[in-house]
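Working notes, structure below.
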Amino acid sequence: MDTQTTLPVSLSDVEAAADLLRGVIARTPVEHSRALGMVTGSDVYLKCENLQKAGSFKVRGAYVRMARLTAEERARGVVAASAGNHAQGVAVAADRLGIKARIYMPLGVALPKLTATKDHGAEVVLHGHNVDEALAEAKRYADATGAVFVHPFDNADIIAGQGTIGLELLEQLPDVDTVLMGVGGGGLLAGVAVAIKAKARELGRDIKVIGVQAENAAAYPPSLAADALVPLEKVSTIADGIAVGRPGQLPFQIIRELVDDVVTVSEDALARALVFLLERSKLVVEPAGAVGVAALLEGKLAELGIESKTTAVILSGGNIDPLLMLKVIQRGLSVAGRYLTVRMMLDDRAGELATISRVIAESDANVTRVDHTRVGGSLSMGDVAITIDMETKGHLHSEQVLNNLRAEGFQPVVVHP
């Protein structure tokens, strides 16, 4: 029996969504990444949904869902909840369709996402400390007022809309044999899997579809292992766009049947991937959008035993708070061995700082900040604590700097950002 005929979303649903979106969304480019190809040994391409309207793929599903509302439903307005990208997608779709939108966003949401959502004309209410709490409040509002709840991922129209990325990708890159993308609730992964697996079967080919989660917000691996939804007690990741503690019921049904695997990546890998995309591809991508690249940099395909000739990564969004970007870049550079922070305890006597400066200069590292403290904390009389930030040229160079400091009698302790 054809598995897809039993699933809540079919290829025909995705194709119908593509017809509905024609002229509404941007057909985002697919960019070749020579740098990632050198790292992975595969021909790697990037599907740039970070360049989509409102900065992410979310407008696809939101528009499809809302365009199919009846006149009576549109008159009641819509309500949604999101950490940012779904909020902006709903706001853009509502503005285009002339529908009143109320969006619940978690406290502490990135200011650019909050501002952009308001700028698109939606009413924004801050509630809860994560997406799940904002979702619960949005549902309560819908029940109390009759507003139509637009779920960020657990809806067939939403999934079909996101799946249109898969159709575009196969038109732009017919030879692709492996596709990676981030997973939060699962709407994107489920929709793309429906489109790609069905089209691959028509062509008599096998195209691998791999989901990627941040390891501190990874509800899918335990859920797939248990064959049931397993909510997380806590999620904590810089990838706020996929910080979802419970998979969607509909996406889960599709993902467990069609997706080849779901892997996880570390926070350090996310930071490294974001810096890699900035430097090597000249693309601004938020952490949630960079998880597929992080997986490639960590060798996840090799761990799965997948030998991919042509690999595509969906960069799902580019909405990142500049303040978060500063922190992530610093962390990414540190992970790559290009930014080194050391802390040392010194005797408070003349010449110590000059000696340290000389050693660092002779090691060809560049000091960017010095914090010199004589009092406070556990410092004793006559002690000095010094913290130095410096630019280095990789892990080997960082280790050389540390060894040179040790050779002069200092005891540097590496401080990670």
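When a residue number appears, it is its place in the shown sequence, counting from 1.
Without hydrogens or angle criteria, Thr392 side chain to His397 main chain gives no donor-acceptor distance under 3.5 Å. For the pair Arg74 (side chain) and Ala67 (backbone), a donor-acceptor distance under 3.5 Å is present. Side-chain atoms of Asn404 never come within 3.5 Å of backbone atoms of Val401 as a donor-acceptor pair (strictly under, hydrogens ignored). Here the side chain of Ser33 pairs no donor or acceptor atom with the backbone of Tyr45 at under 3.5 angstrom. The closest donor-acceptor contact from the side chain of Lys118 to the backbone of Val124 lies at 3.5 Å or more, if one exists at all. Here the side chain of His86 pairs a donor or acceptor atom with the backbone of Val150 at under 3.5 angstrom. Panel note: side chain Asp154, backbone Leu250; a donor-acceptor pair is recorded below 3.5 Å. Judged by distance alone, the side chain of Glu267 and the main-chain N or O of Thr237 form no donor-acceptor pair under 3.5 Å. At distances below 3.5 Å, at least one donor-acceptor pair connects side-chain atoms of Ser82 with backbone N or O atoms of Ala87. Panel note: side chain Lys47, backbone Gln172; no donor-acceptor pair is recorded below 3.5 Å.
When all heavy atoms are compared, the tightest approach of His129 to Pro106 is C-CB, 4.1 Å. Scanning all heavy atoms of the two residues, the minimum distance from Leu188 to Gln162 falls at CA-CB, 3.8 Å. Contact between Val14 and Ala195 at its shortest, heavy atoms only, is CG1-CB, 4.1 Å. Among all heavy-atom pairs drawn from Ala219 and Pro247, the shortest one is CB-CD, 3.7 Å. Gly77 and Ile99 get closest at one heavy-atom pair: CA-CG2, 4.0 Å. Between His120 and Ala91, the shortest heavy-atom distance links the atoms CB-CB, 3.5 Å.
For CD of Glu279, the number of neighbouring non-hydrogen atoms (other residues, nucleotides, ligands) closer than 6.0 Å is greater than 12. Other residues, nucleotides and ligands contribute at most 12 non-hydrogen atoms within 6.0 Å of the NZ atom of Lys234. Within 6.0 Å of atom CG in Leu326, more than 12 heavy atoms from other residues, nucleotides or ligands are found, so the atom counts as buried in its surroundings. Counting heavy-atom neighbours within 6.0 Å of Arg34 CZ, excluding the residue itself, gives a total of 12 or less. Under a cut-off of 6.0 angstrom, the local environment of CZ in Arg65 is crowded, with over 12 non-hydrogen atoms contributed by other residues, nucleotides or ligands.
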Would Ser56 and Glu49 satisfy side chain to side chain donor-acceptor pair (under 3.5 Å), going step by step from the backbone distance to the final call? CA-CA 5 Å; Ser56 88; Glu49 282 294 295; over 6 Å; no

Apply side-chain contact (heavy atoms from CB on, under 4.5 Å) to residues Leu180 and Lys300 and explain how you reach the verdict. CA-CA 10 Å; Leu180 298 93; Lys300 294 297 181 178; 5.8 Å; no

Glu257 and Lys197: CA distance, side-chain angles, deciding distance, salt bridge (Lys or Arg N to Asp or Glu O under 4.0 Å) verdict: CA-CA 11 Å; Glu257 296 294 335; Lys197 290 294 186 177; over 6 Å; no

Evaluate the criterion side-chain contact (heavy atoms from CB on, under 4.5 Å) for residue pair Leu296 and Val39; output intermediate values, then yes/no. CA-CA 8 Å; Leu296 290 183; Val39 171; over 6 Å; no

Decide side chain to side chain donor-acceptor pair (under 3.5 Å) for Gln330 and Asp389; before the verdict, give the C-alpha distance in whole Å, the side-chain angles of both, and the deciding distance to 0.1 Å. CA-CA 11 Å; Gln330 183 177 6; Asp389 297 341; 4.9 Å; no

Is there a side chain to side chain donor-acceptor pair (under 3.5 Å) between Thr310 and Asp43? Walk through the geometry before answering. CA-CA 5 Å; Thr310 305; Asp43 211 12; 4.9 Å; no

Show the numbers, then the answer: is there a side chain to side chain donor-acceptor pair (under 3.5 Å) between Glu215 and Ser266? CA-CA 6 Å; Glu215 64 182 21; Ser266 67; 5.2 Å; no

Verify salt bridge (Lys or Arg N to Asp or Glu O under 4.0 Å) between Glu15 and Lys199, making sure each step is shown before the conclusion. CA-CA 11 Å; Glu15 291 173 333; Lys199 284 292 189 180; 3.6 Å; yes

Derivation of the salt bridge (Lys or Arg N to Asp or Glu O under 4.0 Å) call for Asp177 and Lys208: CA-CA 6 Å; Asp177 50 39; Lys208 302 290 186 185; over 6 Å; no

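The existence of a salt bridge linking Asp240 and Lys113 is confirmed by a sub-4.0 Å separation between a basic side-chain nitrogen and an acidic carboxylate oxygen. Between Asp19 and Arg22 there is a salt bridge, since a side-chain N of the basic residue sits under 4.0 Å from a carboxylate O of the acidic one.
Rounding to the nearest 0.5 angstrom, the gap separating the CG atom in Leu69 from the CZ atom in Arg76 is 8.5 Å. For the atom pair CG (Asp206) and CZ (Arg201), the distance works out to 11.5 Å, reported to the nearest 0.5 Å.
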